Amino acid sequence: MTRSGARPGSSPRRAKPRQAPPPTLSRWRYLLLSLSLLLVPATSEARFGESGASDIGDAITELDVARAEKLLSGVSQDTTGLALERARLSLYVGDCEAASATLATLNGVKDAAPLADLARSCARATAGSVIIEDTARGLWIRLQDGDDRALVPVLSDVAVKARGAIERDLGVVMPRPLRIDVVRDLFSLSAVSGLPLHSAETTGTVAVARWGRVNIISPRAAPGGFPWEDTMAHEITHLAITRATRDQAPLWLQEGLAKRQEIRWRPPHPFDGEPPADDVAREAFLTGQSVGIDHIGPSIAMLPSADAASIAFAEVSSFVEYFIHESGRAALMLLFADLKSLGTENASEALRSVSGYDLTEWVTRWHAHLEDVAAHAAPSAPSSPDDEALRAITEHGMLVGARDRARTVRAGELLYARGAAALAAARFRWALARDPTDPVVRWRLGRSLVAEGESKDLAPLFTSPDGLAMAHAGWFAFQGLVRREKGDPAAKESFDMAVALDPYLEDAACEGAIRIPDDTGATKDTAAPADPAAHALCEAARKIQRD
């Protein structure tokens, strides 16, 4: 999402023309007169009328909660606008019940109705939640499910590192605390954020930055995991851009920068930048599938399909990276300032102001850049014999081969669960021979080998992620296991990667210390990691029933 919570009934702002000093006064006399006017106490109506509500609204939008609270503390008589801002501030600090109570007094007010619906659904979803405040690190974390408490140490580390990188790269100092809501499912995500449920389901949205908070689904809600750490960094970036531009950044800038910042807070990982955004954007442009930089709509999460969302993310990521490469960080800082004054609808003019080109001209230059990169790209490497074999399987036996392979993998899973590790390993070897790029089958084979007492055969399966079809938490957990047995200090990097993908997978959370089932289906206890935080996460993961 791009907006952290638009003001009800608000309209984009335009820059006010500066007034020159009157010619009859010297500059110093005019300055003294201006200062004297600032020292005159304002009346309650002047300070806290509808214009006062606008000032408070600006403070809230910029995440300056302290300033908004200070302004509201001087209110003697509420207007409708002030009551709306009071409710909005309650949403920003996570007090949905207070927001609902305030809005109940505005029954019948048009602008209050959608806020009231959101406040009520948020209050219901967060009732009984666990709130963890870390004043020293500037974090406020609300867990809809207390069982996610074990994730908090890792989540906190990610949030602090990502916030630091964002402040460094974007020049935006984030206020403390950073507020994060961790919810159980898509229904709850919709309830606390206002994102329509059907939109989240259509595009696969798992997090939203709205109402001054990062709202994210717990990784336990996704059985196969998702890159929740990078998602967290993405959403924190949205809050920072909203603060820097007073929520006036166009969607392409919001999403493009958020994608860029997803990985800049941490060391490089395997599969970063795959598939390349430039390649996806160029292919979409050439085949007529382009969403368009300035035709995304109100949110990528509200596009008609997951494919459209993927293309849109690639396009804005490629475009923003190109703009920053050509114009530099200073131009980006100036663009923030201009957008804050000129508003979203004048984003093209803001671009012209800081760079000399408007949005249309930038898009034209970017398309030319994509075509130029393609023209100078190195030719693809010739296919290897293994590639040819895989292609033959895909082209000539896709239906039967895929069905047989899936059945064999499932048979291996059932055999492993009943303690028949050797029989399970045979099935997994057969399936892996037909698609050596599958990290899930490699991981399942690795589990079977450990259960069979054949750990010596693990290394070839988990040496390098090169050639794998995708990233998988179980594969990286076993890579960490192999590295640790060799005394390789890089083992921690592998375990960290596994947790980043699926922290509630036992293999990832327990750093390879998996429980092995016997022939009755029961499992033998194994030691959890010694570190208290890792130990707690491991125990939490073991409570989750996984197939």
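All values below come from the heavy atoms of this structure, side chains included, with hydrogens, waters and symmetry mates left out. None of these values were measured; they are calculated from a predicted model.
Side-chain atoms of R484 come within 3.5 Å of backbone N or O of E511 as a donor-acceptor pair. Listed for the W475 side chain is a donor-acceptor partner under 3.5 Å among the backbone atoms of L461. Remark: side-chain polar atoms of E235 are not paired, donor with acceptor, to backbone N or O of I216 under 3.5 angstrom. A distance-only check finds a donor-acceptor pair linking the side chain of R213 to the backbone of L91 [under 3.5 Å]. Side-chain atoms of R405 come within 3.5 Å of backbone atoms of A431 as a donor-acceptor pair (strictly under, hydrogens ignored). In this structure, E255 contributes its side chain and F313 its backbone to no donor-acceptor pair below 3.5 Å. At least one donor-acceptor pair under 3.5 Å links the side chain of S190 to the backbone N or O of L195. Here the side chain of Q144 pairs no donor or acceptor atom with the backbone of D181 at under 3.5 angstrom. The main-chain N or O of G292 is found under 3.5 Å from a side-chain atom of E315 such that the two form a donor-acceptor pair. Of the possible polar contacts, none joining the S318 side chain to the A314 backbone as a donor-acceptor pair under 3.5 Å is found.
Taking 4.0 Å as the cut-off between side-chain N and carboxylate O, R176 and E167 count as a salt-bridged pair. Salt bridge annotation for D507-R447: present, with a cationic side-chain nitrogen under 4.0 angstrom from a carboxylate oxygen. Residues D169 and R264 are paired through a salt bridge, judged by an N-O separation under 4.0 Å between the basic side chain and the carboxylate. Salt bridge status for D157 with R266: absent, with no side-chain N to carboxylate O gap under 4.0 Å. Using a cut-off of 4.0 Å between Lys/Arg side-chain N and Asp/Glu carboxylate O, R282 and D278 are scored as not salt-bridged.
Within 6.0 Å of CZ on F271 lie more than 12 heavy atoms contributed by other residues, nucleotides or ligands. Sparse packing is recorded around CZ of R407, with 12 or fewer heavy atoms of other residues, nucleotides or ligands lying under 6.0 Å away.
Note: L253 CG to L332 CG = 6.5 Å, rounded to the nearest 0.5 Å. Atom CD1 of I180 sits about 5.0 Å away from atom CG of L155, to the nearest 0.5 Å. For the atom pair W252 CH2 and S317 OG, the distance stands at 13.0 Å (nearest 0.5 Å). How far CG of D134 is from CG of L178: 11.0 Å, rounded to the nearest 0.5 Å. Taken to the nearest 0.5 Å, the CZ atom of R243 stands 6.0 Å off from the CG atom of L63. In this structure, the separation between CD1 on I296 and CD1 on I311 is 12.0 Å, given to the nearest 0.5 Å.
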- Query: What do the steps show when you test W265 against E229 for side-chain contact (heavy atoms from CB on, under 4.5 Å), and what is the final call?
  - Reply: CA-CA 10 Å; W265 64 275; E229 294 185 350; 3.6 Å; yes
- Task: Evaluate the side-chain contact (heavy atoms from CB on, under 4.5 Å) criterion for residues F476 and L505: first the C-alpha distance (whole Å), next the side-chain angles of each, then the deciding distance (0.1 Å), finally the verdict.
- Result: CA-CA 11 Å; F476 281 99; L505 178 69; over 6 Å; no
- Query: Can you check side-chain contact (heavy atoms from CB on, under 4.5 Å) on L468 and T437, steps first, answer last?
  - Reply: CA-CA 4 Å; L468 295 183; T437 70; 5.8 Å; no
- Verify side-chain contact (heavy atoms from CB on, under 4.5 Å) between S156 and I141, making sure each step is shown before the conclusion. CA-CA 9 Å; S156 298; I141 301 170; 3.5 Å; yes
- Item | Audit row: D438, R444, salt bridge (charged side-chain N to carboxylate O under 4.0 Å, His left out) steps and yes/no | CA-CA 10 Å; D438 190 338; R444 292 196 178 279; over 6 Å; no
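Checking S193 against N215 by side-chain atom types alone, no donor-acceptor pair falls below 3.5 Å. Inspection of the D185 and S188 side chains reveals an N or O donor paired with an N or O acceptor under 3.5 Å. Looking at Q254 and T242, their side chains do bring a donor and an acceptor atom within 3.5 Å of each other. For the residue pair R483/S494, the side-chain donor-acceptor check at 3.5 Å is satisfied.
Closest of all the heavy-atom pairs between A240 and I166 is CB-CG2, 3.6 Å. Of all non-hydrogen atoms in A200 and L186, the two that sit nearest each other are CB-CD2, 3.8 Å. Of all heavy-atom pairs spanning E371 and F285, the tightest one is OE2-CE2, 3.8 Å. Nearest heavy atoms, A451 versus A421: CB-CB, 3.7 Å. The two residues I516 and Y416 make their nearest non-hydrogen contact at CA-OH, 4.5 Å. Residue A209 comes nearest to H238 through the heavy atom pair CB-CB, 3.6 Å, listed as atom of the first residue, atom of the second, then distance.
Within the 4.5 Å cutoff, the side chain of R434 has no heavy atoms near those of the T408 side chain. Within the 4.5 Å cutoff, the side chain of H234 has no heavy atoms near those of the D230 side chain. Looking only at side-chain heavy atoms (C-beta outward), M174 and L239 come within less than 4.5 Å of each other. Between D307 and Q289, every side-chain heavy-atom pair lies at or beyond the 4.5 Å cut-off. By the 4.5 Å heavy-atom criterion applied to side chains, R542 and C510 are counted as neighbours. In this structure, the side chains of V440 and M470 come closer than 4.5 Å at one or more pairs of heavy atoms. When side chains are defined from C-beta on, Q479 counts as touching P465, because their heavy atoms get closer than 4.5 Å.
A side chain to side chain contact (heavy atoms under 4.5 Å, CB included) with P503 is found for exactly one of C538, S218, P219, namely P219.
Judged by the 6.0 Å and 45° rule, R365 forms a cation-pi pair with W362.
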